[in-house]
Amino acid sequence: MALAQKRGQVRLPPEVNRILYIRNLPYKITAEEMYDIFGKYGAIRQIRVGNTQETRGTAFVVYEDIFDAKNACEHLSGFNVCGRYLVVLYYQANKAFKKMDLVKRQEELDKVKTKYNVKADAPT
């Protein structure tokens, strides 16, 4: 009960959330090994390990509680797994989608240029 009251009074920075983004993982790591490493810090809702060429060596870990995620981020950032030091960050959706939006906008611009037969940016 005292812990719950103490947690209720703590003000967390805005970037802290329940979803952690992990980089620099060994390519051969399994979800079970991830549960062993990250499960020590609290109840985990979901773990997603990257399996494509672009996402290998990365993972997302979703905790049930934001304080468990904060604790894991503080303790596991720089943790050595199979000779690799983990980079543990809070997932920030706005930064992740910003890059995708830029690519999508460029594709739309290219379509419009093709439609109107515009070769290159003309000086005004």
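Quick note: numbers below take in every heavy atom, side chains included, and nothing from hydrogens, waters or symmetry partners.
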| query | Of all heavy-atom pairs between E33 and T30, which one has the smallest distance, and what is that distance? | reply |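 Answer, listing the atom of E33 first, then T30: OE1-N, 2.9 Å.
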| field | Electrostatic pair E107:K111 at N-O distance under 4.0 angstrom | value |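 No, this pair does not count.
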| field | R84 NZ/CZ over Y27 ring centroid, <6.0 Å and within 45° of normal | value |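 Positive - R84 is close enough to the ring of Y27 and near enough to its axis.
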Just how far is it from atom [atom1] of [X] to atom [atom2] of [Y], taken to the nearest 0.5 Å?
X	Y	atom1	atom2	result
C73	N17	SG	CG	9.5 Å
Q46	Y35	CD	OH	7.0 Å
S77	R23	OG	CZ	9.5 Å
E108	Q106	CD	CD	10.5 Å

Are any non-hydrogen side-chain atoms of [X] and [Y] less than 4.5 angstrom apart?
X	Y	answer
V61	I44	yes
L76	I37	yes
I19	Y21	no
V81	P26	yes
M34	V49	yes

| Do the side chain of N24 and the main chain of Y85 share a donor and acceptor less than 3.5 angstrom apart? |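 Judged by distance alone, yes, a pair lies under 3.5 Å.
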| field | Donor-acceptor contact below 3.5 Å, side chain Y63 vs main chain F38 | value |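 Side chain of Y63 to backbone of F38: a pair is present.
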| Are L25 and L86 close enough, and set up right, to give a side-chain contact (heavy atoms from CB on, under 4.5 Å), and what steps lead you there? | CA-CA 6 Å; L25 285 166; L86 300 184; 3.4 Å; yes
| field | Derivation of the side-chain contact (heavy atoms from CB on, under 4.5 Å) call for L20 and V62 | value | CA-CA 6 Å; L20 298 179; V62 182; over 6 Å; no
| request: Carefully, step by step, assess R45 and R18 under the rule side-chain contact (heavy atoms from CB on, under 4.5 Å). | output: CA-CA 10 Å; R45 180 171 289 186; R18 296 181 314 124; 3.7 Å; yes
| Cut-off 3.5 Å, side chains only: do T58 and T55 have a donor facing an acceptor? |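 Note: T58 and T55 side chains miss the donor-acceptor criterion.
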| query | Do the rings of F60 and Y91 sit parallel, tilted or perpendicular, given the 30° and 60° boundaries? | reply |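 Answer is perpendicular, since the angle exceeds 60°.
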